[in-house]
Structures are given as structure tokens and as C-alpha cells.
Amino acid sequence: MITGSDLAKLMLCPESATTLSPEDWQGLVGLGRQLGLLGRLYYILQSSDLIDAIPERVLVHLKSAWVDSEKQRMSLIWESSRLVSQFSEEGRSFLVLKGAAYAVAGLPNSFGRIVSDIDLLVSKSDLGDAETLLFANGWTLGRHDSYDDYYYRQWMHELPPFVNHKTGITLDLHHNIRPIIARDKVDPTNIMRDYQSVQGVRVPCLEDLFIHSATHLFSEGEFNRVLRDLFDLTDMLTLLAERDPDLLNLRQRACEFNLARDTSMAMFFCAAIGRTKMSQSGQGFVEKYRPRGLRWWTLKWAYSRVFKSPAINQQRLAEKFAALVLFLRSHLIKMPLHVLLPHLIWKGYKRLMKETSQPKNKVNIQP
Amino acid sequence: MIHLGLYPFSFAVNDTVKSVYSNIATLYPAKLLDIGGFCDFNVSVDYRRMCGMPLTNRVNFYLDGFSPFAFNPSEHATAVFEWGMNWCVANHVRTHHIIHAATVAKQNNGVMLCGQSGSGKSTLSCALMAEGWRLLTDELTLLSLEHAAQVTPFVRPISIKEKAIDVLKKQYPQLVFGDIAHNTDKGTVTHVRPTDASWDHFSEACKVNLIVFPEFTPSMSEVVVEPVDVVEAFNVITEQSFNLNSLGATALKPLAELIESTMVIRLKYSSLSDAISCIEAWLKK
């Protein structure tokens, strides 16, 4: 059985590609496709001059994913700069976050990366204007009901997703990087202040990109692309360490934002699974801010499980249990119980209604 | 477990309901069912499960355990399997320009039949196959990105719908039909096994010499052929493309070359045999 550790091993040590059997490749292609890592794998193998050593049948899938990711990368850059000009006409600005930011900033992890949406960050006072600007420029609110709308606007760090009616691209409009109802409050002012500008598009500084990615991975309840997210972090941490081996700025900003815990966990797993080299002071930071005791033991176990998870059809009870534990944790740290319980009950009820209602027969592969 | 060794993609079929396995035995040649080595897609059609227990009224298609579709009635399992395989290729392959079109060939002269659902392209390609033509594909025409006009075959059972099922059964009793799925999204659906001649050459590419936009028109008493100009042909074909969006110029250039160098006709017909003789006549031109 091929697991996330096999895939991680291949990405960290692409030379091992020459020793793989057809059965290994079959598992790796399937898992890599599911985790959105095939394009990245193509990029890594190409950078190591190993493409010729890959069996032709396997290469079809790596190359295909690469083609998709390149198309997405270009359209993210294009869409970002189009939004910049639309916003600047009205004297407004924003930062792009996550995948679009990596693409705009030309970070190594943006190559071969599958990105489905574009994330913007505006200051909370600009939120209404930004929403109007998006509506005026062909974006509509995607599918959601009035409860979702209330949930997002009342408690979350972003509005319900927008969809571009022409391109089909989805867009998340953020005013913070953590839910406003979360226990650990984040003040995004400094992220907005210390941006870097790439061809007119504003992107958070590399430290903030790392911290945001870390809090996304270690505080939120989605685990379908965790290994890809971890490789984003390792690439960024390597770049940060090249600039400043002591990671002073990163450590300071993580503390300022109240996100030292998530940042330390990210650094821990970068070293443990991504084999990123870390200086003494980096290790000291991890030791100081990581969770303690039984909680740390549980988190370490659960995250290792989901990072090393095989494809969905081969997941055992342990992986499912680990994901459940992390899912529950993410909700507990996201909102207090008096908000969480009604939310979960309502979500559960809606899901039950959907499951029991007449299922729709939708199989459509027409272009 | 079956390793369905098709060309150019193979499928490892696991944990799948019985009806699908027996339909595979009907529709695919036995020598392709146990090919070892690398499989491109790990697929299954399995019952809906709750806490591990199967609920036998609904099935779904899975790629490595991921399901792209909503649940379907179990009686549609065999159709869902074929659609799922199409989805795998149409959604993940970018090494060919994939068009929703059928391609058949006679002495390596290829004819690409392209049109909306309901235009009769599958019925016509099935009839051509029954008349001795070689089937390359019924749903997914894989156009080469390097050599314009070259089609890589992807031989698969032909999906036949509604009234065409009875028409073909009557006219070509030698055809082998798989299970019938009633009341699907696309109506009553069944699949026809490709002829031995198609399977025997299932990895041989061919060149497209004629592009046909079939239009089944029951009120017509005779065949009407209209030449289609380059721009319209281009629009119709790109509309039927699965991956042009991703491929961009790499696919547009060879497609333009193909359309400019190939005769494109619209074929309105009501009788299959008239349509076939018309296509044969145009191919000779």
C-alpha cells in the first residue's frame, strides 16, 4: 500500500524515482492525483533532470497535472492583476493570499500547484466597498443559503465565496486570517501594512505567507490536501532560513499575531516530515510554543496520521479517527461552545435532510 | 479484481458490484482482462455504505475512493461504470486534445463524427462498425498534439440510447449488447461490444480524412449533405472539447490545421444505410 510517506519520500528524494516498480507508480499516481501533488512532482522531477527516467505511461499523468497547474497559475496571476486595476479605479486596494499569492510572488511552491480559488484580504472597514466592487465586475455570491450567509458574516474571517460568472473561478474575500469569533484573536493590520508589491499586485511578506499557511493547516478542519499544504510550508521555510537562519522576523511576527502555536507546529512538521533543516533558535521556538503534554502527544499522532494517509479507499480506522479528532479540535478552537453547538446541530440537520431526500441522478461528463 | 488493459489507458477494477464484472466480460475481450503492470486509474463501482454496511439500492463510481458523481440506482451500475471511466480520462488527461466525438476508420481512412448528444453519432458509428469499419472510439476522440489529424484510439463499448437500441438490434443481429439501464439521466442506455476487428487494432492510430456532423432527422426522406465552413466547424468542435481550456494554443494549432486540411460536412439523414453509403462516397472524394 502506498501512503503519504512514500509520496513525501519521492518528493524529497526524486532520485529514488528510478527504483520504483510499476505497482509503486500506480499507487503513487493515484494518491498524488487525489492530493493534488502530481503537477508538483512533475516540476520536482524536471528540476532534477529526471523526466527521462520516468516510464512514459506514468509521465502522461504527471505531465497532464502540470499542464493544468500551469494554466491555473497563469490565470491566477492574470486575474489578480485585473482585480488590482478594477479596485484601483475606485482608489481601493487589497492583498492576495495563499495560492494566488504564491503564484504572484513566483515562489517555488507555486509551480505545479493545483489552486482552485483566489483569496483576497481587505481591511474590515473596506469590506462593503470590496463586495460592491466585486459585484460590479462580474462576481456573484456562490451557492449558499441564508444561514451560511449569517454564519460567514457574523463569525468568520471571510464572506461566503464569490464565483466569477464568466471564468467560473471562485474567490474568497477575507478581512482577517482567523475567524473573528476565534479565541485567539488576530489583528491583521500589520499584514496589510508590511506587504510586498509584485508588478502592482500586493502580497503579504514571506513571513506572513508562512504564518497564514501554518494557521490554515493547523487550525482548520480540512484535511484533503494537507500534504500539499505541508510542502508549501517547507518550501517557504527553506527560503526564510536562507535569508535569516535564526528566523528572527518570523518568530517575532508569529508572536505578534498570536499565532506562535500554529507556527511552531508548522515548523515542527516541516522538520519531521519535510526534513527542513532548522537552526538552534528555530528549534528553541518550536519547543517554547508547541502545545504541551497529552494534547501535544495527541496532535502529533493525529497530524502524522493524516500527513501519511493513503488514498481514500485504503484509509483505515486510524486515519479516519485522526481526521475526526482534528476536525473536532478545529471547531473547538474556531468558536466557543454556545456558538458551535447550534452550528453543528443545524449543519447536521441540513446534511440529514440532503441525504434522505430523493438523490439526484447527476452523471454528466459532457463538455 | 480485474486489470482492464485497454489502450492507451488501463483500469484496475476493485471492490465492484457483480453486475459490472459480468458486463465487463460481455463487452470486453477476455485477453484484455488480466494485463499486469501499471494501471492508469484505480476505479470501482460500489454500493453506498453507511458505517461500512452496504445499502444495495444505490451505487457510485469511485476513483481511488473519491467519488465525482451523485449516487445512482443500482440498476444503472453498468452504465455508471462506463461513464466513470470516461470521466477519468476526460478530466485528467492533457497529453491529447480530447473531443466528445466518435472516430471510425476504413483501411486507415478515419472519419470523425462530432455533434451534440442526440445527433445520432453513436448510432451511426455503431452501424459503420457493424458494416466492417474499425471503431477507434465512440465518446472520446484523442487528437494528437504533435501530428494534426492523428487520432489515438481508445476502443470502448459504444453507448446506445433509447429507440436506437431496437433499430440496431434488428438491423445488425450480430452485435453484442450489454446490460440495459432504464430511466437514467440520458434515458434508456446500453452498450455495444466493439467488433473483433476494432479490438485487434486497438492500439493503431489513424488519420482523420473526413469530419461529419451527423443530424438524425426522421422526417427526411433522403440524405442531405451540406459542406460546413472552417469557422463553423471550428466552433462546433471546440464546443465539444473537454480540455481545450487547459491546453490552449498547444491544442488550437493542430486543430486549426486539421479543420483547414479536412473536408467537413453536415449530414442530415433518416436511414442508416443511406448515411453510410453517403459517408463512403464522400471519403472517396
Side-chain angles (χ1 to χ4, degrees), chain A residues 2 20-36 38-39 42 54-72 74-75 114 167-168 224 309-317 319-320 354-355 357-367, chain B residues 8-10 12 14-15 36-42 44 46 48 50 58 61-73 76 79-80 83-84 86-96 98-100 116-117 139-140 183-186 238-248 250:
Chain A
I2 293 290
L20 295 167
S21 72
E23 287 74 20
D24 292 337
W25 274 120
Q26 184 175 330
L28 286 162
V29 166
L31 181 62
R33 187 188 289 130
Q34 201 163 79
L35 298 178
L38 287 186
Y42 181 88
I54 310 302
E56 207 178 321
R57 294 275 302 276
V58 173
L59 204 53
V60 166
H61 300 284
L62 306 188
K63 181 94 189 288
S64 293
W66 169 251
V67 168
D68 274 350
S69 66
E70 273 298 277
K71 150 85 187 161
Q72 286 182 354
M74 301 316 284
S75 70
I114 301 286
T167 56
N224 46 353
S309 173
I312 299 172
N313 57 341
Q314 292 174 357
Q315 285 172 7
R316 306 245 180 273
L317 209 57
E319 280 95 22
K320 289 179 182 161
K354 208 172 133 197
E355 290 266 320
S357 64
Q358 193 59 34
K360 282 193 202 110
N361 249 351
K362 273 233 148 64
V363 180
N364 203 351
I365 68 143
Q366 309 281 322
Chain B
F9 308 108
S10 54
N14 275 309
D15 305 322
F38 176 80
C39 274
D40 297 84
F41 300 99
N42 305 302
S44 89
D46 198 8
R48 171 183 188 167
M50 227 167 232
R58 301 262 148 192
F61 175 86
Y62 298 94
L63 172 62
D64 292 297
F66 167 79
S67 145
F69 306 141
F71 282 98
N72 278 262
H76 300 170
V80 169
W83 291 333
N86 288 343
W87 174 86
C88 286
V89 173
N91 268 273
H92 294 105
V93 174
R94 305 290 182 251
T95 46
H96 289 88
I98 306 179
I99 313 281
H100 182 227
Q116 304 279 346
S117 284
E139 291 268 356
L140 305 175
N183 293 322
T184 73
D185 251 17
K186 308 174 183 188
T238 50
E239 202 173 285
Q240 296 297 320
S241 163
F242 280 104
N243 55 6
L244 184 58
N245 242 339
S246 284
L247 290 169
T250 31

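Here the structure is a predicted model, which means the values were calculated and not measured. Below, chain A is the first sequence line, B the second, and so on; all start at residue 1.
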[X] side, atom [atom1]; [Y] side, atom [atom2] - distance, nearest 0.5 Å:
| X | Y | atom1 | atom2 | answer |
| --- | --- | --- | --- | --- |
| Ser246(B) | Gln72(A) | OG | CD | 7.5 Å |
| Arg33(A) | Asp40(B) | CZ | CG | 7.5 Å |
| Lys71(A) | Leu247(B) | NZ | CG | 10.0 Å |

(request) With a 4.5 Å cut-off on heavy-atom pairs, point out which of Phe9(B), Phe66(B), Phe61(B), Phe41(B) contacts chain A the most. (result) Phe41(B)

(message) Test side chain to side chain contact (heavy atoms under 4.5 Å, CB included) on Cys39(B) and Gln26(A); report intermediate values, then the result.
(response) CA-CA 6 Å; Cys39(B) 274; Gln26(A) 184 175 330; 3.4 Å; yes

Check each atom of [X] against the heavy atoms of chain A and say whether the ones under 4.5 Å are side chain, backbone, both or neither.
| X | result |
| --- | --- |
| Tyr62(B) | neither |
| Ser10(B) | both |
| Asn42(B) | side chain |
| Ile99(B) | neither |

(message) For Val29(A), which atoms come within 4.5 Å of any heavy atom of chain B: side chain, backbone, both, or neither?
(response) side chain

(message) Give me the atom names and distance for the closest heavy-atom approach of Thr95(B) to Val60(A).
(response) OG1-CG1, 3.5 Å

Can you tell me which of [options] forms the most heavy-atom pairs within a distance under 4.5 Å of chain B?
| options | answer |
| --- | --- |
| Val67(A), Asn224(A), Leu38(A) | Val67(A) |
| Lys63(A), Arg57(A), Glu70(A), Gln34(A) | Arg57(A) |
| Pro55(A), Ser21(A), Gly30(A) | Gly30(A) |

(message) Please check if the number of heavy atoms outside Asn245(B) that lie under 6.0 Å from its CG is greater than 12.
(response) no

(request) Could you check whether the rings of Phe38(B) and His61(A) sit parallel, tilted or perpendicular, using 30° and 60° as the cut-offs? (result) tilted

